[in-house]
2 protein chains.
Amino acid sequence: MDPNERRRLILDRSAEIFARKGVSATTIREIGQAVGVHSGALYHYFPSKEAIVTELVREYVTDLAGRCRAVVAKQLPPLERMRAFTEIVLATNVDYPGATAVWRREGDYMRERVVEADLTELADTMTHAWQEAIRDGVASGELRADIDPRIFHELIYDALWHTERWFTPGEQHTVRELAAIVTSVFVDGMRARD
Amino acid sequence: MDPNERRRLILDRSAEIFARKGVSATTIREIGQAVGVHSGALYHYFPSKEAIVTELVREYVTDLAGRCRAVVAKQLPPLERMRAFTEIVLATNVDYPGATAVWRREGDYMRERVVEADLTELADTMTHAWQEAIRDGVASGELRADIDPRIFHELIYDALWHTERWFTPGEQHTVRELAAIVTSVFVDGMRARD
DNA sequence: GTCTATACCACGATAGAC
DNA sequence: GTCTATCGTGGTATAGAC
């Protein structure tokens, strides 16, 4: 097998097992088995188990930040920007189910990997862009000023972050459709209006 | 030290460390150190590390289900019931920060403990009560019928579940105040209205 | 580049003195 | 009821043959 292909396989299988059982409950032998090589062979690709996690973090953070910046560059009005961010987060959850789940599970540990890999700025891109969009919306009068923007941000971010647990794209809705639904709930509210 | 007191201490300290590092990354020796006894002594109180987790689950699930049933018994109209549930979840997060965090971190593992301890019915009480309240709200015309109730439930539940990460009662808001804010965001929406 | 074999260590849990 | 001491297991990581 091509070395790059095998490296990719190690990352993908690891992410999947990490997501299911947690990093420290996952053994090197288990990863080797899932990849189809003996545990020792893994050390030709990564110097340690932790290095696999760090690489997963790097890929995820880099892609998310890139997509985020592409949206910011469009300079959309606040509400449209928020809908675009929602779609990005949902799509990235789908594209990186392993990394998303590990992050959810072991946020503190992942944060250590982020710091270790010098990715703090990149990792905070999405959060800062969200907070800016919400502030802009309040400033323009489109969003309520009586709700603390930080609280609103935490609520929507946690809700989005965890969609991966119950959402499978295409089954009931596409990512775009779910983004519209989530935005509608958070912006318009669940109350019926006539 | 009184045996019951020590047992309590083991549970509390364990919950705290489990929450911070995850169950499988926490060692028996570490718990012993935090409690102030040698690791072997812990086995006079619990037969295994897993049994500590199971006991934490039992306490948490029992209390949450009890509070939930007390609200259901009041037979409040849907929106008021939802606000009461919100307050319960927030309050229980505050009262059981360890159990909440472990559950968040290792949902699947906790679910196994729930099944093992024959607590499945009790553990699902809150979720079912939420779903019923939302369905009642849609049926009475107070809530929108064009949003899938299950999606709304997932969104609000995930948002509530994770407040423990950023909310400390009394600092900015009380539990009651935050419950009102969260309910307002989810029911009324974030859009400014004149 | 992957294998077999293993060093070395830390883990959960136990035994028996006090 | 807690101590010291330790068993057996299984972990990460390494060494050296092929």
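This is a predicted model, so every value here is computed, not measured. Here is the naming used below: chain letters follow the sequence lines, and residue numbers restart at 1 for every chain.
- Taking the ring axis of B:Tyr109 as reference, the NZ or CZ atom of B:Arg113 stays within 45° of it and closer than 6.0 Å to the ring centre.
- Residues passing the ring pair (Phe, Tyr, Trp, His ring centres under 6.0 Å) test with B:His162, sequence neighbours excluded: A:His162.
- Residue pairs meeting the salt bridge (Lys or Arg N to Asp or Glu O under 4.0 Å) criterion with at least one partner in residues 178-191 of chain A, sequence neighbours excluded, are A:Asp188-B:Arg191, A:Arg191-B:Asp188.
- One can place CZ of A:Arg7 at 13 Å from P of C:dG1, the figure rounded to the nearest angstrom.
- For the side chain to side chain donor-acceptor pair (under 3.5 Å) test, residues two or more places apart in sequence or in another chain that qualify with A:Glu30 are A:Lys21.
- Remark: C1' of C:dC3 and CE of A:Met1 are 16 Å apart, rounded to the nearest angstrom.
- In this view, A:Thr127 satisfies the side chain to side chain donor-acceptor pair (under 3.5 Å) rule with no residue, not counting sequence neighbours.
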- Where along nucleotides 11-18 of chain C does protein come under 4.0 Å, by heavy atom, of base (B) or sugar-phosphate alone (S), with - for untouched nucleotides? BBBB----

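- Note: CZ (B:Phe46) to P (D:dG1) measures 14 Å, nearest angstrom.
- In this structure, B:His38 atom NE2 and D:dT6 atom P are separated by 15 Å, rounded to whole Å.
- With sequence neighbours excluded, the residues satisfying side chain to side chain donor-acceptor pair (under 3.5 Å) with B:Arg81 are B:Asp136.
- Separating the CG atom of A:Leu42 from the C1' atom of D:dT14 is a distance of 13 Å, rounded to the nearest angstrom.
- Going from atom CD of B:Gln33 over to atom C1' of C:dA10 covers 14 Å, rounded to whole Å.
- Between A:Tyr45 atom OH and D:dT14 atom C1' there is a gap of 17 Å when expressed in whole angstrom units.
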